[in-house]
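Remarks on the structure that follows.
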Amino acid sequence: MTGWVEASRIEILPLDRFPSDHDLLDAMGGKYLEDFTAEYARIARHLARLGKQETALVCYVGTPFLGHTRIQVFELSDGKPVAGPYLEFPFSQIETGVTEIQFRDLLGNGEDLLITHEPFAHTMGARGADMVIRRIQGNGFEVLWQAPLELSNLASYAPHQDVLNPPVNNIGQPGTVTTATVEFRSTGRRSEPVWKGKISFYMVGREAPVQTLEVEKACPWNGDAFEPLQ
């Protein structure tokens with residue numbers, strides 16, 4: 001729940017309910033068993049409801065001795081962690097592969113969806129950050145929606161600045177900078193992402209944008225995923 005909550009509705013969980021860092025790294029195995037990697041590893045823990053299944057422990061794991069961070073799902077068997085599916089994110093220049101993680105029941109069915117902010121930088125090209133909504137199921141992750149929160153493409157400029165229609169098609173075009181926020185708007189039991197952004201057009205030799213579009217688009221659930229932004 002996001003917002004103010006009555007203290008009586010908050011459940012305080014004992015620390016011994018959660019496996020230690022050592023137990024989690026042992027369950028992950030591989031490079032995470034090495035002393036140097038384990039000593040400097042940092043783990044953020046999240047509890048997520050995966051449909052009708054028991055609550056899963058989802059961890060974000062990082063260490064300076066690996067070129068990536070990882071979102072790792074654990075199931076608990078007799079109190080011991082068993083590593084399940086995971087996602088790995090390479091570092092984006094000086095940023096970690098994920099800068100924000102949250103879980104929200106957007107479908108109104110008691111299932112927590114994973115929402116991440118993921119920076120990216122293409123070589124000699126666009127750079128920015130995406131919001132990605134995923135479902136954790138079975139042995140993997142399913143992307144249900146993805147849209148940019150920031151997208152700068154100033155590595156090249158179009159010879160003529162033609163504004164495309166619909167306006168969202170201008171996102172990522174040469175000579176544009178896009179910034180956006182996403183809010184989740186309730187529609188009955190569900191909540192749908194609403195993308196609100198500004199798309200600014202630039203030309204060589206001019207610091208200020210020559211034109212800026214303000215765009216808002218709701219992306220409702222279509223039965224399988226949220227409708228794409230573009």
Side-chain angles (χ1 to χ4, degrees), residues 2 12-50 55-77 79-104 112-155 172 177-182:
T2 301
I12 306 299
L13 302 177
L15 288 177
D16 59 10
R17 172 172 170 176
F18 301 97
S20 67
D21 287 4
H22 175 78
D23 291 339
L24 294 175
L25 294 170
D26 276 358
M28 292 169 64
K31 288 284 188 179
Y32 295 95
L33 296 177
E34 297 179 1
D35 290 342
F36 251 38
T37 301
E39 181 178 357
Y40 293 96
R42 297 294 179 266
I43 302 177
R45 294 161 170 79
H46 303 265
L47 290 176
R49 300 166 299 171
L50 307 183
T55 300
L57 179 63
V58 183
C59 297
Y60 186 51
V61 186
T63 172
F65 296 99
L66 295 178
H68 59 263
T69 55
R70 177 188 285 197
I71 292 178
Q72 174 74 61
V73 180
F74 293 95
E75 296 180 3
L76 297 180
S77 177
K80 296 183 178 180
V82 177
Y86 64 86
L87 287 172
E88 291 186 338
F89 302 87
F91 284 97
S92 176
Q93 295 187 358
I94 62 172
E95 291 187 279
T96 59
V98 175
T99 57
E100 184 173 325
I101 294 175
Q102 61 174 306
F103 288 90
R104 297 184 70 155
D112 288 328
L113 301 181
L114 169 64
I115 305 171
T116 54
H117 293 187
E118 303 176 15
F120 63 86
H122 300 154
T123 303
M124 299 299 292
R127 60 182 301 160
D130 285 337
M131 172 182 281
V132 186
I133 301 176
R134 293 182 176 90
R135 166 185 279 150
I136 304 173
Q137 59 178 5
N139 294 320
F141 297 77
E142 178 187 7
V143 176
L144 301 180
W145 191 72
Q146 183 169 347
L149 300 175
E150 304 171 24
L151 179 52
S152 175
N153 187 7
L154 299 179
V177 173
T178 300
T179 56
T181 59
V182 175

Item to check | Closest heavy-atom pair and its distance - P119, G97 | outcome: CD-O, 3.5 Å

Next on the checklist: What's the separation between atom CD in Q102 and atom OG1 in T116, rounded to the nearest 0.5 Å?
Outcome noted: 9.5 Å

Item to check | Nearest-0.5 Å distance, CG of residue L87 to OH of residue Y60 | outcome: 11.0 Å

Item to check | Pairwise side-chain contact, C59 with I71, heavy-atom cut-off 4.5 Å (strictly under) | outcome: no

Item to check | side-chain hydrogen bond (donor to acceptor under 3.5 Å, both in side chains) partners for S20, two or more places apart | outcome: D23

Checklist outcome for this item: Between A27 and F74, the two heavy atoms sitting closest are CB-CE2, 4.0 Å

Checklist entry - Any donor and acceptor pair, going by atom type alone, linking the side chain of Q72 with main-chain N or O of G84 inside 3.5 Å? => result yes

Next on the checklist: Show the nearest heavy-atom pair for residues A48 and V58, with the distance to one decimal.
Outcome noted: CB-CG2, 4.0 Å

Checklist entry - Of all residues at least two apart in sequence or in a different chain, which pass the side-chain hydrogen bond (donor to acceptor under 3.5 Å, both in side chains) check with Q146? => result D130

Item to check | Within residues 33-43 or reaching into it, pairs that qualify as side chain to side chain donor-acceptor pair (under 3.5 Å) - sequence neighbours excluded | outcome: none

Next on the checklist: Do P19 and L57 have side chains that approach each other closer than 4.5 Å (heavy atoms only, starting at C-beta)?
Outcome noted: yes

Checklist outcome for this item: Residues at least two apart in sequence or cross-chain that pass side-chain hydrogen bond (donor to acceptor under 3.5 Å, both in side chains) with Y32, listed by chain then number, are none

Checklist entry - Please, which pairs that meet salt bridge (charged side-chain N to carboxylate O under 4.0 Å, His left out) have at least one residue in residues 56-74, sequence neighbours excluded? => result R70-E88

Next on the checklist: Are the side chains of R45 and D21 in contact, using a 4.5 Å heavy-atom criterion?
Outcome noted: yes

Checklist entry - Taking C-beta and beyond as the side chain, do D26 and L33 meet within less than 4.5 Å on heavy atoms? => result yes

Checklist entry - Residues two or more places apart in sequence or in another chain: which of them pass side chain to side chain contact (heavy atoms under 4.5 Å, CB included) with V182? => result M131, W145, L149, F184, P193, W195

Checklist entry - Can you tell if the side chain of E142 reaches within under 4.5 Å of the side chain of L144, non-hydrogen atoms only? => result yes

Item to check | Results of side-chain hydrogen bond (donor to acceptor under 3.5 Å, both in side chains) for T63 - residues two or more places apart only | outcome: none

Checklist entry - Of all residues at least two apart in sequence or in a different chain, which pass the ring pair (Phe, Tyr, Trp, His ring centres under 6.0 Å) check with H46? => result F103

Checklist outcome for this item: dist E118:CD -> I101:CD1 (nearest 0.5 Å) comes out at 9.0 Å

Next on the checklist: Rounded at 0.5 Å granularity, tell me how far CG in L113 sits from CD in Q137.
Outcome noted: 10.0 Å

Item to check | Closest heavy-atom pair and its distance - A155, G125 | outcome: CB-CA, 4.0 Å

Checklist entry - For L13, what residues pass the side chain to side chain contact (heavy atoms under 4.5 Å, CB included) criterion, not counting sequence neighbours? => result E11, R17, F18, L47

Next on the checklist: Parallel, tilted or perpendicular, judged at 30° and 60°: which one describes the rings of F65 and F36?
Outcome noted: tilted

Checklist outcome for this item: Nearest heavy-atom approach of G172 to N153 is O-ND2, 2.9 Å

Checklist outcome for this item: Contacts of K80 meeting side chain to side chain contact (heavy atoms under 4.5 Å, CB included) (sequence neighbours excluded), chain-then-number -> none

Item to check | Partner set under salt bridge (charged side-chain N to carboxylate O under 4.0 Å, His left out) for E150, not counting sequence neighbours | outcome: none

Next on the checklist: T181: which residues meet the side chain to side chain contact (heavy atoms under 4.5 Å, CB included) condition with it, sequence neighbours left out?
Outcome noted: K196

Next on the checklist: Nearest 0.5 Å, please: how far is CZ in R135 from CG in D112?
Outcome noted: 12.0 Å

